Engineer: 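First, the structure itself, so that you have it in front of you.
Both backbone and side-chain heavy atoms feed into the values below; hydrogens, waters and symmetry mates do not. Note that the structure is predicted; figures quoted are calculated from it, not measured. Labels below follow one simple rule: chain letters A, B, ... track the order of the sequence lines, proteins then strands, and each chain is numbered from 1.
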Protein chains: 2
Amino acid sequence: MAPDAETLRERAARYSPAQCRTIDAALPLFAAHGVGGTSLQMIADAVGVTKAAIYHQFSTKEAIVLGVIEMRLQPLEEAIEAAESADLTQSAREAMLARVIDTVVANRGALGTLQNDPVLFRLLGEHEPSRRLWVRLFSELLGDDLGPQARVRAAVLSAAIGAAAHPFVVDLDDDTLRDELLRVTHRLVFQAD
Amino acid sequence: MAPDAETLRERAARYSPAQCRTIDAALPLFAAHGVGGTSLQMIADAVGVTKAAIYHQFSTKEAIVLGVIEMRLQPLEEAIEAAESADLTQSAREAMLARVIDTVVANRGALGTLQNDPVLFRLLGEHEPSRRLWVRLFSELLGDDLGPQARVRAAVLSAAIGAAAHPFVVDLDDDTLRDELLRVTHRLVFQAD
DNA sequence: GTCTATAGAATGATAGAC
DNA sequence: GTCTATCATTCTATAGAC
């Protein structure tokens with residue numbers, strides 16, 4: 001099995017408890033200051049250890065960023081796997097969208113943060129396991145056709161997932177946000193012209 | 001007139017040619033590396049001058065970031081002003097959306113970059129002239145009601161504007177992107193449940 | 001408006017003790 | 001797994017000449 005064929009679950013399982021603490025501390029810092037604006041010192045301070053301890057866990061800053069991606073994308077992988085089915089019936093596609101939106105709302109800040117930082121977003125496109133995840137999601141929802149309409153819909157759906165972390169909706173409760181977001185994305189994905 | 005009541009046009013007019021060169025050089029760097037990942041040295045190299053010259057133009061890095069916001073948000077201000085009308089008829093609102101989408105597509109990367117970096121995005125919400133701009137846009141399109149439905153729609157519309165810079169749509173020509181994006185956002189904003 | 005030169009702090013990263 | 005101590009590099013920012 002090629003290393004790139006690993007699932008996010010398999011990768012995430014390899015992180016030690018100390019590494020998980022670092023990953024958890026890094027995400028909100030990335031969300032607030034961006035990856036480029038977050039230093040290892042800031043992460044170390046947030047965890048409550050020294051920089052050297054962080055370097056024992058991760059050999060580079062990029063390795064921490066990858067860890068954040070793999071850990072926080074994992075719930076989305078689970079949602080897609082759970083809803084994936086051999087037959088692309090309309091109801092199977094609707095169930096996948098609903099499950100994805102559930103997960104997005106339950107993980108509010110996380111998935112939005114991954115898409116709203118230029119460094120994280122680029123890595124999301126270069127990191128094979130996460131690439132495959134997006135391909136699975138969009139091809140199941142929008143089909144394999146890569147026409148302009150499907151491309152624009154995919155881009156807006158991707159952006160809409162990030163909108164779950166938008167300031168306009170921070171104080172909506174999960175149920176309300178999920179209902180409204182599902183309604184909007186359902187229309188976006190499934191409504192014919 | 002309070003300083004905060006200035007338009008973006010008035011502010012943008014104050015920048016010297018040298019400052020404009022710096023602002024133009026900074027945007028693609030912010031898009032690629034994020035604000036936090038972009039140093040003054042990188043900006044100076046891109047302009048072709050030394051750091052000291054940049055510091056003569058802007059006293060801090062944040063002043064450059066503000067300059068980028070004010071310059072690149074200006075076309076959106078023009079679009080909103082041109083389409084703004086006293087009566088909130090449906091056709092006036094549709095005309096504003098169409099004009100905004102035109103401007104978004106014509107400025108592809110710019111508006112997306114402003115919304116896809118955590119630092120730029122935060123400043124967009126703290127900077128009064130740009131705050132007023134978003135309020136005008138969303139209240140004209142979605143009304144003054146701040147219910148959950150309008151809030152989610154506003155957040156997704158805001159994200160959809162950023163989607164014009166998404167990799168999925170980079171190689172679509174302007175006309176195609178504008179048509180598809182307008183169709184999708186029109187439905188998002190105006191379609192009742 | 002741009003340059004050279006520099007100050008002082010912070011950065012990513014490493015070595016070696018515990 | 002964490003620490004102290006340190007390295008070379010880069011950072012923001014300033015002073016003063018042209």
Engineer: Between A:A52 and B:H56, name the one whose nearest nucleotide on DNA chain C is closer to the 5' end.
Structural biologist: B:H56
Engineer: If the condition is ring pair (Phe, Tyr, Trp, His ring centres under 6.0 Å), which residues does B:H56 pass it with, not counting sequence neighbours?
Structural biologist: none
Engineer: Side-chain polar contacts of residues 142-150 of chain A - donor-acceptor pairs under 3.5 angstrom, sequence neighbours left out - could you list them?
Structural biologist:
from, atom 1, to, atom 2, distance (Å)
A:D145, OD1, A:G147, N, 2.6
A:Q149, NE2, A:D193, OD1, 3.4
A:Q149, NE2, A:D193, OD2, 2.5

Engineer: Sequence neighbours left out, what passes ring pair (Phe, Tyr, Trp, His ring centres under 6.0 Å) with B:F168? Give chain and number order.
Structural biologist: A:F138, B:H166
Engineer: Side chains of A:Q74 and A:R9 only: does a donor on one sit below 3.5 Å from an acceptor on the other?
Structural biologist: no
Engineer: Using heavy atoms to find the nearest nucleotide of DNA chain C for B:T50 and A:S59 separately, return the residue whose nucleotide is more 5′.
Structural biologist: B:T50
Engineer: Go through the structure and list residues passing side-chain hydrogen bond (donor to acceptor under 3.5 Å, both in side chains) with B:R151, not counting sequence neighbours.
Structural biologist: A:D171
Engineer: For B:R136, what residues pass the side-chain hydrogen bond (donor to acceptor under 3.5 Å, both in side chains) criterion, not counting sequence neighbours?
Structural biologist: B:E84
Engineer: Does A:A18 reach a base, just sugar-phosphate, or nothing at all? Heavy atoms under 4.0 Å.
Structural biologist: sugar-phosphate
Engineer: For residues 25-35 of chain B, which residues have at least one heavy atom under 4.0 Å from DNA chain D?
Structural biologist: none
Engineer: Mind checking side-chain hydrogen bond (donor to acceptor under 3.5 Å, both in side chains) for A:T22 and listing every partner two or more places apart, or none if nothing turns up?
Structural biologist: A:Q57
Engineer: Taking salt bridge (charged side-chain N to carboxylate O under 4.0 Å, His left out) as the cut-off, I'd like each qualifying pair that reaches into residues 98-107 of chain B, sequence neighbours left out, listed once.
Structural biologist: B:D102-B:R178
Engineer: Can you sort out the partners of B:H127 under side-chain hydrogen bond (donor to acceptor under 3.5 Å, both in side chains), two or more places apart, ordered by chain and number?
Structural biologist: B:E70
Engineer: For residues 23-30 of chain B, which side-chain N or O atoms pair as donor and acceptor with protein atoms under 3.5 Å away, sequence neighbours left out?
Structural biologist:
none

Engineer: Determine, for nucleotides 7-12 of chain C in 5'-to-3' order, which nucleotides have protein heavy atoms under 4.0 Å from the base (write B), from only the sugar-phosphate (write S), or from neither (write -).
Structural biologist: ----SB
Engineer: Using a heavy-atom cut-off of 4.0 Å to chain A, what are the terminal contacting nucleotides of DNA chain D, in 5' to 3' order?
Structural biologist: D:dG1 to D:dT4
